[in-house]
Amino acid sequence: RLADRALLVARECADTLDAELGLLPVFEGGHEDEMERRAVVEHVLNILGEPSPKVRWHWAVGRAFREIPRVAYAEGYDLVVVGERSRESWRDAIFGSTAERVLRASAVPVLSVPGRRAVRQKAGPFPGTQPVIV
């Protein structure tokens, strides 16, 4: 999953910098419940593995592209890590993906983690150019 990959990158950043790992699940459906929270916590702890780092949990209801920058700024975080997926709808093409919208709205620096490796050709006039993995 995209969020899992971003979570692992965030953990690596926190471990490397000896920083706090804050997590913000955003419930976009307009409400949350205790079962959903437990499922999220269990999933995250499974992805983080052992030994699990100390996690500071934040919870929000609303639109992720609004809540992520708001909470990151309010809580004084130094970096936001979000997963970036390819555009999947006309809405993403017009307004931008959630990660793009977070990047535009955030006063805190944003690291966007690509969802999957993509192969693209290098631009240039040279024949036999090798594909670049990003």
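Basis for what follows: all heavy atoms, side chains included, without hydrogens, waters or symmetry-related copies.
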In terms of hydrophobic clusters joined by side-chain contacts under 4.5 Å, are Val108 and Val26 together?
yes

Mind checking the CD-CZ spacing from Glu42 to Arg37? Nearest 0.5 Å is all I need.
16.0 Å

Leu23 versus Leu7: any side-chain heavy-atom pair under 4.5 Å?
yes

Single-linkage hydrophobic cluster Trp57~Val71, side-chain heavy atoms < 4.5 angstrom
no

Could you give the distance from CZ (Arg66) to CD (Glu28), rounded to the nearest 0.5 Å?
10.0 Å

Measure the spacing between CG of Asp4 and CG of Asn46 and express it to the nearest 0.5 Å.
10.0 Å

Any side-chain heavy-atom pair of Leu48 and Val44 under 4.5 Å:
yes

For residues Val9 and Leu21: do they belong to one hydrophobic cluster (side chain heavy atoms under 4.5 Å, members Ile, Leu, Val, Met, Phe, Trp, Tyr)?
no

If you look at every heavy atom in Val80 and Ser106, which pair is closest and at what distance?
CG2-OG, 4.4 Å

Hey, does Val113 have a side-chain heavy atom less than 4.5 Å from the side chain of Val81?
yes

Would you please test Asp15 and Arg11 for salt bridge (Lys or Arg N to Asp or Glu O under 4.0 Å) and show each step?
CA-CA 6 Å; Asp15 287 348; Arg11 179 195 176 144; 3.2 Å; yes

Quick check: closest heavy atoms across Tyr77 and Gly22, and the distance to 0.1 Å?
OH-CA, 3.4 Å

Cluster question for you: counting only ILVMFWY and a side-chain heavy-atom cut-off of under 4.5 Å, with indirect links fine, are Leu24 and Val41 together?
no

What I'd like to find out is whether the side chain of Leu111 reaches to under 4.5 Å of the side chain of Val82, using heavy atoms alone.
no

Using 0.5 Å steps for rounding, measure from the NE2 atom of His58 to the CD1 atom of Ile68.
12.0 Å

Between Val40 and Trp59, does a side chain to side chain contact (heavy atoms under 4.5 Å, CB included) hold up when you go through it step by step?
CA-CA 11 Å; Val40 169; Trp59 301 90; 4.1 Å; yes

Would you kindly confirm whether Leu79 and Phe65 end up in one hydrophobic cluster when ILVMFWY residues are joined by side chain heavy atoms under 4.5 Å apart?
no

Please answer whether the main-chain N or O of Ala64 pairs with a side-chain N or O of Glu67 as donor and acceptor at a distance below 3.5 Å.
no

